[in-house]
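Written below as structure tokens is the structure these notes are about.
Quantities reported herein were computed from a predicted structural model and do not represent experimental measurements. Whatever order the structure lists them in is the order used to number ligands and atoms, beginning at 1. Positions are given from 1, in the same order as the sequence printed here.
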Amino acid sequence: MKIALLGPPGAGKGTFAQMLEDEFKVKRFVMGDLLREEVKKKTKLGKEIKNYIDNGVLVPDEIACNIMRRKIKGKKNYILDGFPRTLLQVKSFKEDLDKVIYITTKNEIAISRLAGRRQCSKCHRVYHIKTNPPKEDGKCDFCKSKLYIRTDETEEAIKQRLENYKKETEPVIEYYKKKKILVEINGNRSIKEVYEDIRKLFKW
Ligand code: AP5
């Protein structure tokens, strides 16, 4: 089964993609994490990507598509997080998705979630200082690596990311709605409640 998780920044895409991978043992591919991995390598491409990410701007479609295409090549089952998120990416991707899970979230809720997010520097698991804290302060529960605050967690970058979402990703939502493979999930609830609804959609 090929699934994509879409939704505004802070909707919980990363959180739920990880929970699904843990429960159903299906590999997730997180566009943002793949790009941040490239940044870590400090290559010319990585430096270019860092500039886009830090300013909350989408990286060019060609870069995003090339990275994702390489990752999912030949795979029959996967969960995509944050891809495709422009109509150009949809067209260029050419994979037939079985379901697109659209997690809706009010802006003010998303913003407060992003303010408290901490992410593992190694395995990319996502925590929240209040709603989903790690067992040990500043350390990942699973791999014990250091948690960090993302460089695009600034007020300006978040505003920009929300704007991109409206302009670039809402048309993608409409596209999948018309294809009748979109399932809308109310993400304005607790992690447990939202996940209960999402996991029901998984029949492997
Ligand atoms: P990306 O990393 O995808 O960022 P985003 O879309 O802005 O989404 P976030 O990761 O911020 O939020 P999320 O929905 O995953 O929420 P999370 O689970 O972490 O992209 C970053 C950048 O990369 C982009 O700006 C762009 O530059 C580039 N990029 C990425 N994809 C691209 C593409 N396809 N094309 C071009 N460029 C691309 O949860 C947030 C917090 O809330 C956490 O702390 C979590 O614990 C908590 N939380 C989650 N759900 C709940 C809940 N229900 N209740 C309480 N707390 C919750």
Those atoms of ligand 1 less than 4.0 Å from some heavy atom in Val57: 26 (C), 27 (O)
As a test of the contact definition, would atom 33 (C) of ligand 1 count as having a protein heavy-atom neighbour under 4.0 Å? yes
In the hydrophobic clustering (ILVMFWY, side-chain contacts below 4.5 Å, transitive), which residues join Tyr127, or is it alone? Phe142, Leu147
Taking only heavy atoms of Arg150, which atoms of ligand 1 are found under 4.0 Å from at least one of them? 1 (P), 2 (O), 4 (O), 9 (P), 10 (O), 11 (O), 21 (C)
Proximal ligand 1 atoms for Pro8, defined as those under 4.0 Å from one of its heavy atoms: 14 (O)
Filtering Lys13, Arg161, Arg85 for the heavy atom nearest atom 1 (P) of ligand 1 leaves Arg85
Are the side chain of Asn188 and the backbone of Ile109 linked by a donor-acceptor contact shorter than 3.5 Å? no
Could you tell me the residue and atom name of the protein heavy atom closest to atom 43 (C) of ligand 1, and the distance to it rounded to 0.1 Å? Val126 CG1, 3.4 Å
How far is atom 37 (N) of ligand 1 from its nearest protein heavy atom, and which residue and atom name does that atom have? Val59 N, 3.0 Å
Check: Met31 N/O within less than 3.5 Å of ligand 1 N/O: no
Between OH on residue Tyr52 and CD1 on residue Ile63, distance to nearest 0.5 Å: 5.5 Å
Could you tell me, atom by atom, which parts of ligand 1 come under 4.0 Å of a heavy atom of Tyr127? 43 (C), 44 (O), 46 (O)
Please check if the side chain of Glu38 supplies one atom and the backbone of Gly46 the other of a donor-acceptor pair under 3.5 Å. no
Measure the CD-CD1 distance between Gln18 and Ile79 for me, rounded to the nearest 0.5 Å. 9.5 Å
Heteroatom distance test (Tyr52, ligand 1): nitrogen or oxygen, under 3.5 angstrom: no
Closest non-hydrogen protein atom to atom 48 (N) of ligand 1, residue and atom name please, with distance? Arg113 CD, 3.7 Å
Ligand 1 atoms in contact with Leu35 (distance to a heavy atom under 4.0 Å): 23 (O), 28 (C), 29 (N), 30 (C), 38 (C)
Is the contact between Thr131 and ligand 1 made by the side chain, the backbone, both, or neither, using heavy atoms and a 4.0 Å cut-off? side chain
When rounded to the nearest 0.5 Å, the distance separating CD1 of Ile101 from CG of Leu5 is 5.0 Å
Ligand 1 N/O within reach of Gly12 N/O, cut-off under 3.5 Å: yes
Lys NZ or Arg CZ of Lys27 over Phe29 ring: under 6.0 Å, within 45°: yes
Identity and separation of the nearest protein heavy atom to atom 9 (P) of ligand 1: Arg117 NH1, 3.2 Å
Check whether any heavy atom of Arg36 sits under 4.0 Å from an atom of ligand 1. yes
Using distance alone, with no hydrogens and no angle criterion, decide if Glu37 and His124 have a side-chain donor and acceptor under 3.5 Å apart. yes
For ligand 1, which part of Asn132 has a heavy atom less than 4.0 Å away: the side chain, the backbone, both, or neither? side chain
Any nitrogen or oxygen of Thr15 lying under 3.5 Å from a nitrogen or oxygen in ligand 1? Just yes or no. yes
Contacting atoms of ligand 1, where contact means under 4.0 angstrom from a heavy atom of Ala64: 35 (N)
Using distance alone, determine whether Gly10 and ligand 1 share an N or O pair under 3.5 Å. yes
Test item, Gly7 contacting ligand 1 (heavy atom, 4.0 angstrom): no
I'd like to check whether Gly14 has a polar contact with ligand 1, where a contact means an N/O of the residue lying under 3.5 Å from an N/O of the ligand. yes
Heavy-atom distance under 4.5 Å between the side chains of Thr104 and Ile185, does that happen here? no
Under 4.0 Å from ligand 1, counting heavy atoms only, is it the side chain of Gln119, its backbone, both or neither? neither
Side-chain donor-acceptor contact under 3.5 Å, Arg125 with Gln119: no
Taking only residues two or more places apart in sequence or in another chain, which ones pass salt bridge (Lys or Arg N to Asp or Glu O under 4.0 Å) with Glu153? Arg117, Arg161
I'd like to know if the side chain of Glu193 pairs up with that of Ser190 as donor and acceptor (distance under 3.5 Å, no hydrogens or angles considered). yes
Numbered in order shown, the ligand 1 atoms found under 4.0 Å of a heavy atom of Ser190 are 53 (N)
Protein contact of atom 35 (N) of ligand 1 - nearest heavy atom, named by residue and atom, plus distance: Gln89 NE2, 2.8 Å
Counting only N and O atoms by type, is there a donor-acceptor contact under 3.5 Å from the side chain of Lys50 to the main-chain atoms of Arg36? no
So Arg85 and Glu168, salt bridge (Lys or Arg N to Asp or Glu O under 4.0 Å) or not? Walk me through it. CA-CA 7 Å; Arg85 66 167 99 186; Glu168 304 284 357; over 6 Å; no
Check: Phe83 N/O within less than 3.5 Å of ligand 1 N/O: no
Heavy-atom nearest neighbour in the protein, as seen from atom 53 (N) of ligand 1, with distance rounded to 0.1 Å: Arg189 O, 2.7 Å
In this structure, is the centre-to-centre distance between the rings of Phe93 and Phe83 below 6.0 Å? yes
Taking only non-hydrogen atoms of Asp152 and a 4.0 Å limit, the atoms of ligand 1 in range are 21 (C)
Glu156 atom CD: more than 12 heavy-atom contacts under 6.0 Å: no
